[in-house]
S.K.: 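Please see the structure below; I have some questions.
Basis for what follows: all heavy atoms, side chains included, without hydrogens, waters or symmetry-related copies.
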Amino acid sequence: YEAIRGRAQLIETMKATTKSGRKPGMAEMIGVGALTAKIKKGTLSVANQQMKWQVDAGTTIDRASVNFAKGKMASGKFRRLELRGARADQNLNIATDALLISGLDVSLTRAFIDSLTSHSSGDKATPARGKDKQTAVKKTTAKPAKPEIRLNRFELTKGARLRFEDTRVQPAVNVELAIKTAELSDVDTRNPKREAHTEFDAKINEFTHLVLNGRATNLGPKLNLTMASKLENLELPPYSPYAAEFGGVYLESGQFNTDIDVTAKTGNLDGAIKLNVKDLEFKPLSKADAKRLSEKAGMPIETAAKLLQDPQGNINLTLPIAGTAVAPDVDISSAISKAVGNTLKAVFPPTLIGSMLTSDKKEGSGLTFKPIIFKPGSNELDAAAREYADELATLLQSRPLLALDVCGITNPDDFAAVTLISIKLPPNPLFRLAYKLWKGYAVKSRIHPYRPSPVEFVQTVRRFMRFD
């Protein structure tokens, strides 16, 4: 084949078709300022009802653009695209020495992405019948050749911008990605020992910084990988519509930072995601959402958040990464439990922590602490009780957003110390139930918060006898 050089401008050709109500054609969606294609070699053969082909080519395209729905759903353009040393064949084995794109500018909408996914999910094959079905089964059992990919160098040069708009949620979400560096090199699925490299550096909505670096060999399920990524200063409220749609929670405030370090050996992952969330405030959309989130966290979600937040408003979590390259596993609930345990460990003895972490699952209303015991009829604490009260105070000081519900209860010893009447409850459960009802009434009505006067003493006895 001899070299092909040409210029194409594919904008005006099919405009007449839209006036008759037909869908716009490719000519209305694609514009190319200049196209240069060099086909160095091409072969085509047919044998045993199988076609084989191979093409070696290089292409340069200047000032190209594409748009869908007149740019309202999606659009893209670039100043120049260079494809050097490209090779492809009938098995979709693809190799290229370099793919360089400069001045890339792409705008996407959620409506466009949803249309693509709904279109792909709507494509269903017509079921075969009879002999055709048997033939179809035989055809599907044949394994197609696995495509091989080799890419020596891919790079977005002279900056690139990606924009995303979602008006299907309220308020609308707008994201702009300004790419400083995007490089991928030495990708070769045929050579497992060749080490691929990637580097990515971008700003999200001007103030959020995203960096990723990685290298890998043996590309595939038995991947060997070393990767590090960092995301800084991501403000959460603009993404609250997604948190509400997919997580059932409304994000009122918060800033998100993360460091990810992960390695893989023969496909087995090992690493950690370090999360930092500043000044997080959120609200579950419903009781059902709150219950689901609480089950995921292993305790009421509001309690977990307040226990994790330090006096400076920071939540720091380390999520372990396990599983495989095909099925990665990130355990969130165990990371939350561990962080909560570390918070409590700094204040309380281990035996007490164990009962706290299990009590919330029994009660369903948060951590439950053991009672602070007063001597019967006294408002004085002994040394052990004061020490325990000091520990609770230390916890509340270290976690200022944490709220502690306090309630007072009495027992027969308290009543005997105040009224000088000793009470022994009979084994009959009805009497025990009556006493519990009276005890709740006594606490609510504050019957004897101090040593009563003679009149109060008589009233107390009469109320007690009425409930007994």
Side-chain angles (χ1 to χ4, degrees), residues 236 249 251-259 272-284 290 293-320 331-411 413-414 443 446 449-450:
L236 294 178
V249 62
L251 302 175
E252 297 177 341
S253 67
Q255 187 183 82
F256 181 79
N257 303 275
T258 182
D259 281 289
I273 302 174
K274 295 181 180 180
L275 302 180
N276 168 260
V277 185
K278 298 179 179 179
D279 301 323
L280 177 65
E281 292 184 13
F282 66 93
K283 183 183 298 181
L293 292 169
S294 299
E295 290 175 351
K296 188 71 174 177
M299 66 179 63
I301 189 64
E302 294 89 350
T303 302
K306 292 174 182 178
L307 275 170
L308 293 174
Q309 203 163 22
D310 65 19
Q312 288 72 42
N314 292 308
I315 295 177
N316 294 295
L317 284 176
T318 299
L319 309 181
D331 191 350
I332 299 176
S333 59
S334 65
I336 293 176
S337 296
K338 183 178 180 180
V340 169
N342 290 336
T343 299
L344 298 175
K345 192 185 300 181
V347 180
F348 300 101
T351 54
L352 183 59
I353 294 172
S355 64
M356 291 178 188
L357 293 178
T358 56
S359 64
D360 63 284
K361 297 179 181 179
K362 296 177 183 178
E363 304 293 335
S365 59
L367 299 178
T368 302
F369 298 91
K370 72 175 185 179
I372 300 176
I373 304 298
F374 290 82
K375 290 182 179 181
S378 172
N379 59 1
E380 297 292 332
L381 294 175
D382 59 20
R386 283 198 302 271
E387 182 181 358
Y388 181 56
D390 290 341
E391 291 172 348
L392 287 174
T394 301
L395 175 64
L396 295 175
Q397 289 172 356
S398 65
R399 294 295 183 264
L401 295 180
L402 188 64
L404 185 64
D405 292 332
V406 180
C407 64
I409 61 173
T410 60
N411 56 33
D413 293 337
D414 296 312
V443 171
R446 299 180 181 274
Y450 49 85

S.K.: Please identify each residue that fulfils salt bridge (charged side-chain N to carboxylate O under 4.0 Å, His left out) with Lys375, with sequence neighbours left out.
M.R.: none
S.K.: Can you name the nearest heavy-atom pair linking Arg399 to Gln309, along with the distance?
M.R.: CD-O, 2.6 Å
S.K.: Heavy-atom distance under 4.5 Å between the side chains of Leu308 and Leu317, does that happen here?
M.R.: yes
S.K.: Test of understanding: with side-chain contact (heavy atoms from CB on, under 4.5 Å), list the residues that count as partners of Gln312, not counting sequence neighbours.
M.R.: Asp310, Asn314
S.K.: Would you check if Glu302 and Pro284 make a side-chain contact, meaning some heavy-atom pair closer than 4.5 Å?
M.R.: yes
S.K.: Run the side-chain contact (heavy atoms from CB on, under 4.5 Å) test against Leu293 and tell me which residues pass, sequence neighbours left out.
M.R.: Val249, Ile301
S.K.: Looking only at heavy atoms, which two atoms of Asp382 and Ala385 are closest? And how far apart?
M.R.: OD1-N, 2.8 Å
S.K.: Is there a side-chain contact between Leu280 and Leu236 (heavy atoms, below 4.5 Å)?
M.R.: yes
S.K.: Please report the interatomic distance CD(Gln397) to CG(Asp390), rounded to the nearest 0.5 Å.
M.R.: 9.5 Å
S.K.: Can you list everything that forms a salt bridge (charged side-chain N to carboxylate O under 4.0 Å, His left out) with Asp331? Sequence neighbours excluded, please.
M.R.: none
S.K.: So how far is it from Phe374 CZ to Asn379 CG, rounded to the nearest 0.5 Å?
M.R.: 7.0 Å
S.K.: Of all residues at least two apart in sequence or in a different chain, which pass the side-chain contact (heavy atoms from CB on, under 4.5 Å) check with Ile373?
M.R.: Pro371
S.K.: How would you list all residue pairs meeting side chain to side chain donor-acceptor pair (under 3.5 Å) that involve residues 272-281, not counting sequence neighbours?
M.R.: Asn257-Asn276, Asn276-Asn316
